[in-house]
Q: 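Have a look at this one.
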Amino acid sequence: MNVKIILKVGVGLVLATTLSGCLEEEIDRIINKETYAMNGTYDNNYNEQLLRLSNGVLTHQMVDGNQVSRPFRVEGKNLYVQFRNSSKEKRDDLVMVIHGNGELLSCNACAKHGLASIWTRQQ
């Protein structure tokens with residue numbers, strides 16, 4: 001009898017933990033709706049590099065095929081790319097300005113990071 005109760009409680013805890021993780025993700029998507037809505041692939045007029053935005057992650061594909069991924073967030077007409085690797089590191093986010101409905105991204109500090117300053121969304 002005790003084994004059945006322990007088993008039921010165990011299964012209940014596993015289900016509760018699993019569901020709470022799903023619920024957290026749904027809440028995050030609702031709160032950060034602008035960020036999760038910002039999707040697409042962007043190119044520039046200077047080289048073959050690409051930026052891919054999807055699910056709050058910016059992936060920079062370089063000419064040599066290497067890729068670097070960083071989390072981003074959207075606040076109004078600004079896209080903030082997180083460059084720091086931990087909360088202890090003092091490193092400013094890269095700020096890109098979103099033009100129109102996301103057709104164009106521009107950035108004043110991109111050259112410092114080896115990126116073009118203007119990015120156009122591919123069709």
Side-chain angles (χ1 to χ4, degrees):
M1 185 74 162
N2 286 338
V3 174
K4 287 184 180 179
I5 293 172
I6 292 171
L7 190 57
K8 286 181 181 180
V9 169
V11 169
L13 288 173
V14 169
L15 285 173
T17 303
T18 304
L19 292 176
S20 70
C22 293
L23 186 59
E24 277 183 44
E25 187 175 317
E26 281 184 42
I27 290 170
D28 184 52
R29 284 189 170 277
I30 291 168
I31 291 172
N32 298 308
K33 187 167 68 170
E34 287 181 304
T35 298
Y36 287 102
M38 189 71 182
N39 292 303
T41 301
Y42 292 79
D43 60 9
N44 66 79
N45 291 331
Y46 306 106
N47 55 42
E48 299 298 316
Q49 295 180 5
L50 296 173
L51 296 179
R52 288 193 177 89
L53 285 75
S54 179
N55 291 317
V57 176
L58 179 143
T59 301
H60 173 216
Q61 183 176 331
M62 295 170 241
V63 177
D64 62 6
N66 288 330
Q67 294 183 351
V68 176
S69 295
R70 296 285 183 196
F72 74 87
R73 73 183 186 286
V74 174
E75 293 179 9
K77 287 293 181 182
N78 291 325
L79 184 141
Y80 297 89
V81 182
Q82 181 181 319
F83 270 78
R84 67 181 181 277
N85 294 313
S86 74
S87 60
K88 294 179 182 179
E89 188 178 349
K90 302 272 184 195
R91 208 169 181 187
D92 291 335
D93 291 342
L94 179 68
V95 181
M96 302 181 89
V97 178
I98 303 166
H99 299 273
N101 290 320
E103 296 91 14
L104 187 80
L105 301 174
S106 66
C107 173
N108 291 333
C110 281
K112 183 170 89 173
H113 300 285
L115 298 169
S117 58
I118 297 176
W119 296 84
T120 307
R121 184 167 50 204
Q122 295 178 335
Q123 298 300 327

Q: Of all the heavy-atom pairs spanning Tyr46 and Ala116, show the shortest one and how long it is.
A: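 Heavy-atom minimum between the residues: CD1-CB, 3.7 Å.
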Q: Hey, quick one: are Ile98 and Trp119 part of the same hydrophobic cluster, counting side-chain heavy atoms closer than 4.5 Å, chains of contacts allowed?
A: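 Same hydrophobic cluster.
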Q: Just checking Lys33: does its NZ atom have more than 12 heavy atoms from other residues, nucleotides or ligands closer to it than 6.0 angstrom?
A: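 No, the 6.0 Å shell around NZ holds no more than 12 heavy atoms from other groups.
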Q: Counting heavy atoms not belonging to Asn78, are there more than 12 under 6.0 Å from its CG?
A: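 Yes, CG of Asn78 has more than 12 neighbouring heavy atoms, counting only those of other groups under 6.0 Å.
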Q: Provide the closest heavy-atom pair for Cys107 versus Leu94 in the form atom of the first, atom of the second, distance.
A: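 Result for this residue pair: SG-CD1, 3.6 Å.
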Q: Once you round to the nearest 0.5 Å, how far does OG1 of Thr59 lie from CD of Gln67?
A: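 It comes to 6.0 Å.
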Q: Atom CG of residue position Asn101 - does it have more than 12 heavy atoms of other residues, nucleotides or ligands inside 6.0 Å?
A: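 Atom CG in Asn101 is not crowded, with 12 or fewer foreign heavy atoms closer than 6.0 Å.
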Q: Side chain to side chain contact (heavy atoms under 4.5 Å, CB included) between Leu51 and Met96: does it pass, once the steps are laid out?
A: CA-CA 12 Å; Leu51 296 179; Met96 302 181 89; 4.0 Å; yes
Q: What pair of heavy atoms forms the shortest contact from Glu48 to Val63, and how long is it?
A: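 For Glu48 and Val63, the tightest heavy-atom pair comes out as N-CG2, 4.0 Å.
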Q: Is the backbone of Arg52 close enough, under 3.5 Å, to the side chain of Thr41 for a donor and an acceptor to pair up by distance?
A: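 The answer is no, because no donor-acceptor pair under 3.5 Å joins these two groups.
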Q: Taking atom CG of Leu58 and atom CG of Leu105, what is their separation to the nearest 0.5 Å?
A: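 Going from the CG atom of Leu58 to the CG atom of Leu105 covers 8.5 Å.
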Q: With the 4.5 Å side-chain cut-off for hydrophobic clustering, are Val57 and Phe83 part of the same group?
A: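 In one cluster: no.
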Q: When you check the side-chain N and O atoms of Asn39 and Arg121, is any donor under 3.5 Å from an acceptor?
A: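 Their side chains do not contain a donor-acceptor pair, so the 3.5 Å distance test is not met.
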Q: Roughly how far, to the nearest 0.5 Å, is the CZ atom of Arg91 from the CG atom of Asn85?
A: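 Here the rounded value is 6.5 Å.
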Q: Which atoms form the tightest heavy-atom contact between His99 and Ser106, and what is the distance?
A: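 Closest pair (atom of His99, atom of Ser106, distance): NE2-OG, 2.7 Å.
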Q: Applying side chain to side chain contact (heavy atoms under 4.5 Å, CB included) to Asn44 and Thr120, what does each step give before you reach the verdict?
A: CA-CA 6 Å; Asn44 66 79; Thr120 307; over 6 Å; no
Q: Do Val81 and Leu79 come within less than 4.5 Å of each other through their side chains, counting heavy atoms only?
A: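 The answer is yes, as the side chains (C-beta and beyond) meet within the 4.5 Å cut-off.
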Q: Nearest heavy-atom pair of Met38 and Phe72: which atoms, and what distance?
A: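 It is O-CZ, 3.6 Å.
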Q: If you round to the nearest 0.5 Å, how far is CZ of Arg84 from CG of Asp93?
A: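 Rounded to the nearest 0.5 Å, the CG-CZ separation comes out at 5.5 Å.
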Q: Heavy atoms only: give me the nearest Glu34-Glu75 pair and the separation to one decimal.
A: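 Nearest heavy atoms, Glu34 then Glu75: OE1-CA, 4.1 Å.
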Q: Does some side-chain heavy atom of Arg73 sit less than 4.5 Å from a side-chain heavy atom of Asn32?
A: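 They are not in side-chain contact.
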Q: Hey, what do you get for CE (Met62) to CG (Leu50), rounding to the nearest 0.5 Å?
A: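 Met62 atom CE to Leu50 atom CG measures 11.5 Å (nearest 0.5 Å).
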Q: Counting only heavy atoms not in Asp92, do more than 12 sit closer than 6.0 Å to its CG atom?
A: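 Result for CG/Asp92: open.
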